[in-house]
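We name chains A, B, ... by the order of the sequence lines, and we start the count at 1 in each one.
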Number of protein chains: 2
Amino acid sequence: MQKQSTINDVARIAGVSKRTVSRVINGSLSVGESTRLKVEKVINELKYAPNAQARGLASSRSYLLGLIYDNPDALYLDDVQRGVLEVCSTLGYELVVHPCRYQSESLVNDCLRFMRRSKLDGVIVLPPVSESETLALALKESGSPYVRLSSVALDTQEHIVVSDDRAAAAEMARYFAQLGHEKIAFISGPQRYKSSTERMEGFQLGLSAYGVKIPAEMILEGNNTFETGIECAKQLLQRIKRPTAIFANNDQMAAAVLKVAYSLGIKVPEQLSVAGFDDNMLASRVTPSLTTIRRPVRQMALLATTKMIMSIEQNHKAAANVAAKVAPTLVVRESTGRCQSSDTEN
Amino acid sequence: MQKQSTINDVARIAGVSKRTVSRVINGSLSVGESTRLKVEKVINELKYAPNAQARGLASSRSYLLGLIYDNPDALYLDDVQRGVLEVCSTLGYELVVHPCRYQSESLVNDCLRFMRRSKLDGVIVLPPVSESETLALALKESGSPYVRLSSVALDTQEHIVVSDDRAAAAEMARYFAQLGHEKIAFISGPQRYKSSTERMEGFQLGLSAYGVKIPAEMILEGNNTFETGIECAKQLLQRIKRPTAIFANNDQMAAAVLKVAYSLGIKVPEQLSVAGFDDNMLASRVTPSLTTIRRPVRQMALLATTKMIMSIEQNHKAAANVAAKVAPTLVVRESTGRCQSSDTEN
DNA sequence: TTGTAAGCGTTATCAT
DNA sequence: ATGATAACGCTTACAA
């Protein structure tokens with residue numbers, strides 16, 4: 001375990017000042033070609049690597065990005081992480097993960113402390129935490145670069161990447177209507193989340209274009225977990241007049257519908273069409289595989305990280321120019337089909 | 001965005017030297033009670049928080065832990081992360097995640113650079129990367145605290161947390177045998193991974209206790225993905241003499257078996273018993289739900305992190321005393337049942 | 001183009 | 001028990 005070599009070692013051996021070594025490290029243009037080569041040679045020989053802490057202390061930069069989330073969905077989180085890290089690693093940043101409790105009163109303080117403690121250069125905030133305006137405000141006031149992922153354009157271009165969940169849900173509505181479904185149910189996510197209301201409204205609007213309306217009793221609220229999906233599905237499917245199609249706010253709950261339908265002997269898609277939202281791993285694993293909406297999660301993460309780093313590196317204009325909107329797309333699989341209900345009454 | 005207050009501000013206002021403030025922060029015993037109170041009061045008033053970088057630079061500590069992994073499935077990774085972070089947050093550490101490529105030649109250098117760059121206090125290494133002895137050796141030589149998660153006791157107590165996959169697989173074998181199965185197949189993971197060979201050997205050994213042997217053609221190798229699971233399952237189930245029970249190296253592949261069985265009209269568990277390994281989310285979501293082995297992943301993460309931090313804080317003996325072995329357990333669900341095959345020939 | 005000197009905010013050393 | 005003062009390894013004025 002030999003001691004790490006420092007900038008001083010490099011300077012001494014290369015016979016230049018440490019300031020010059022620093023310039024080489026940071027790619028300054030004002031370094032003579034021969035000097036640069038000489039220094040680089042020594043750097044390689046010594047396997048010198050700058051100390052990030054010292055660097056940070058001097059320049060008030062840490063090359064550390066934070067990821068703030070409160071998300072029960074492991075698959076979503078993993079997708080995001082992969083996307084973020086892809087950009088991070090090529091640009092020399094590292095990622096510090098920070099789960100937190102959205103509902104907690106101490107959310108804002110907790111997050112700010114997190115940023116200060118590790119002197120993060122910026123944070124990426126995932127839904128639903130990203131919907132907290134108080135947090136966003138605090139971040140803005142503290143001058144910390146941040147980017148939010150959301151289904152609504154809650155912030156300026158520089159600070160957000162949104163997925164148009166509303167339009168995607170409308171597309172699902174269109175698809176359902178074209179399959180001839182009229183008795184349609186919707187299992188929503190928590191109404192306090194923007195993503196939930198966006199999807200619900202998009203779906204309703206989409207249906208209304210076809211003259212289809214979802215009666216109140218056909219709209220149930222789950223909390224995006226498989227378990228609540230089971231509850232809602234039971235309520236919906238044990239009725240006399242059960243729906244011929246169910247759209248769930250996410251794949252977890254849609255998978256739950258499949259499960260309940262199976263236990264009730266209801267055939268999918270023959271007697272019941274089911275669709276979810278996310279297109280996570282689950283969607284293709286279950287039987288029948290789920291028709292769903294694919295969220296380009298990884299792409300959002302890439303965009304957010306790029307935006308983030310541009311902000312950090314002072315290209316605010318460039319940051320605002322990175323695409324800020326992505327469009328989820330319909331993925332048709334086995335769980336949906338034409339409405340075959342014989343009773344055409346209403 | 002007001003400037004952060006520093007230790008100097010605290011010292012000045014409290015009317016003591018910064019060394020004393022430092023002592024208070026670090027809970028030194030040699031500080032007078034009245035002095036301590038005075039300083040703590042100022043700290044609170046100023047909302048002072050020590051700068052981690054400066055602290056790290058001076059003490060060569062970063063309060064940063066690293067998590068090194070290569071594409072374990074998202075659910076496993078998430079479980080680990082939650083466990084690690086649970087300990088981290090209570091002990092004042094942050095977690096930096098670092099995916100890498102196990103197969104890459106630059107694995108060792110990549111990981112070492114990662115550690116140096118961010119001056120990590122220690123790293124937790126997940127399988128299969130944890131099985132790389134060259135990496136472990138490099139880590140040891142560089143004097144970096146590290147803890148490995150594995151299915152085999154590859155290292156000293158201080159550096160490892162193992163799950164006894166072999167015993168768990170043997171338990172599954174016992175369960176299968178007691179259900180009366182004799183024509184049993186196994187879909188293994190990549191044989192270059194210890195976890196794969198452990199599970200396979202455990203399963204075979206367990207069966208042999210009941211006089212059951214798996215013929216070579218009933219052992220197929222997948223790579224732990226759903227897709228290869230599909231391939232293997234097709235090969236196994238389209239035979240004339242197909243097995244009455246299949247044990248897969250993980251839940252992903254077991255779910256694939258379910259899918260193939262369904263498409264072939266083979267009833268599970270009536271005509272075919274299926275079991276997986278992991279007990280991740282998938283296991284309870286699919287239909288029928290999967291009998292599997294529950295790996296106490298979160299618990300392993302907790303133990304590893306505790307061990308890690310004890311090592312960092314110089315309690316090597318204590319670190320070695322943290323439990324290093326956990327036992328996965330059999331979880332019986334709907335996908336397995338008594339062997340009902342009519343033909344008893346071999 | 002290159003170098004000198006002064007920080008950055010802590011902890012460590014050694015006095016007192 | 002407390003305090004000067006020197007590191008820690010780097011960047012940033014400011015010169016030269």
Novice: Could I get the full list of ring-ring contact (aromatic ring centres under 6.0 Å, His included) partners for A:Tyr69, not counting sequence neighbours?
Specialist: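 A:Tyr69 satisfies ring-ring contact (aromatic ring centres under 6.0 Å, His included) with no residue once adjacent residues are dropped.
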
Novice: Report all interatomic pairs (protein N or O, nucleotide N or O of nucleotides 2-5 of chain C) with separations under 3.5 Å.
Specialist:
| residue | atom | partner | partner atom | Å |
| --- | --- | --- | --- | --- |
| C:dT2 | OP1 | A:Thr35 | OG1 | 2.4 |
| C:dT2 | OP2 | A:Gly32 | N | 2.5 |
| C:dT2 | OP2 | A:Thr35 | OG1 | 3.3 |
| C:dT2 | O4 | A:Arg23 | NH2 | 3.1 |
| C:dG3 | OP2 | A:Ser17 | N | 3.0 |
| C:dG3 | OP2 | A:Ser17 | OG | 3.2 |
| C:dG3 | OP2 | A:Thr20 | OG1 | 2.6 |
| C:dG3 | N7 | A:Arg23 | NH1 | 3.4 |
| C:dG3 | O6 | A:Arg23 | NH2 | 2.8 |

Novice: In chain order, what residues pass the ring-ring contact (aromatic ring centres under 6.0 Å, His included) check against A:Phe114, with sequence neighbours excluded?
Specialist: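 A:Phe114 satisfies ring-ring contact (aromatic ring centres under 6.0 Å, His included) with A:His98 once adjacent residues are dropped.
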
Novice: State, to the nearest 10°, the angle formed by the axis through the first five base pairs of the helix from C:dT1-D:dA16 to C:dT16-D:dA1 and the axis through its last five.
Specialist: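 Computed angle between terminal axes is 30°.
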
Novice: Quick one: side-chain hydrogen bond (donor to acceptor under 3.5 Å, both in side chains) partners of A:Ser34, sequence neighbours excluded?
Specialist: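 With neighbours one apart ignored, the set is empty.
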
Novice: Does B:Leu154 have any side-chain contact (heavy atoms from CB on, under 4.5 Å) partners at least two apart in sequence or in another chain, and if so, which?
Specialist: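 Here the qualifying residues are B:Glu131, B:Glu133, B:Arg148, B:Ser150, B:Val152, B:Ile160, B:Lys194.
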
Novice: How would you list, by chain and number, every residue that makes a ring-ring contact (aromatic ring centres under 6.0 Å, His included) with B:Tyr63, sequence neighbours excluded?
Specialist: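 By the ring-ring contact (aromatic ring centres under 6.0 Å, His included) rule, B:Tyr63 matches B:Tyr93.
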
Novice: Among residues at least two apart in sequence or on other chains, which ones pass ring-ring contact (aromatic ring centres under 6.0 Å, His included) with A:Tyr76?
Specialist: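 ring-ring contact (aromatic ring centres under 6.0 Å, His included) check on A:Tyr76 returns nothing, list empty.
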
Novice: Roughly, in whole Å, what's the span from NZ in B:Lys119 to C1' in D:dC10?
Specialist: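 Whole-Å distance recorded here is 11 Å.
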
Novice: Heavy-atom distance under 4.5 Å between the side chains of B:Leu112 and B:Leu139, does that happen here?
Specialist: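 Side-chain contact under 4.5 Å: yes.
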
Novice: Considering residues at least two apart in sequence or located in another chain, which fulfil the salt bridge (charged side-chain N to carboxylate O under 4.0 Å, His left out) criterion with A:Arg298?
Specialist: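 Here the qualifying residues are A:Glu86.
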
Novice: Given atom CG of B:Asn8 and atom C1' of D:dA4, what is their separation to the nearest angstrom?
Specialist: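 That distance rounds to 13 Å.
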
Novice: How long is the line joining CD1 of B:Ile25 and P of C:dT10, in whole Å?
Specialist: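 That distance rounds to 6 Å.
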
Novice: Residues two or more places apart in sequence or in another chain: which of them pass side-chain contact (heavy atoms from CB on, under 4.5 Å) with B:Thr134?
Specialist: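 Expected list: B:Val108, B:Ser132.
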
Novice: Within residues 39-57 of chain B, which residues have any heavy atom lying less than 4.0 Å from an atom of DNA chain D?
Specialist: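 Hits under 4.0 Å, by residue number: B:Leu57.
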
Novice: May I ask you to verify if any side-chain N or O of A:Ser22 is less than 4.0 angstrom from the OP1 or OP2 atom of D:dT11?
Specialist: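 For D:dT11, OP1/OP2 do have a side-chain N/O of A:Ser22 under 4.0 Å.
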
Novice: Using side-chain heavy atoms (C-beta onward) and a distance below 4.5 Å, is B:Pro145 in contact with B:Met308?
Specialist: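 Heavy-atom side-chain distance check passes, below 4.5 Å.
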
Novice: Kindly write out the residues that satisfy side-chain contact (heavy atoms from CB on, under 4.5 Å) with B:Ser17, not counting sequence neighbours, or none if the list is empty.
Specialist: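 Applying side-chain contact (heavy atoms from CB on, under 4.5 Å) to B:Ser17 gives B:Arg19, B:Thr20.
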
Novice: Using whole Å, what does the distance between atom C1' of nucleotide D:dT2 and atom CZ of B:Arg12 come to?
Specialist: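 Interatomic distance, CZ of B:Arg12 to C1' of D:dT2: 19 Å.
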
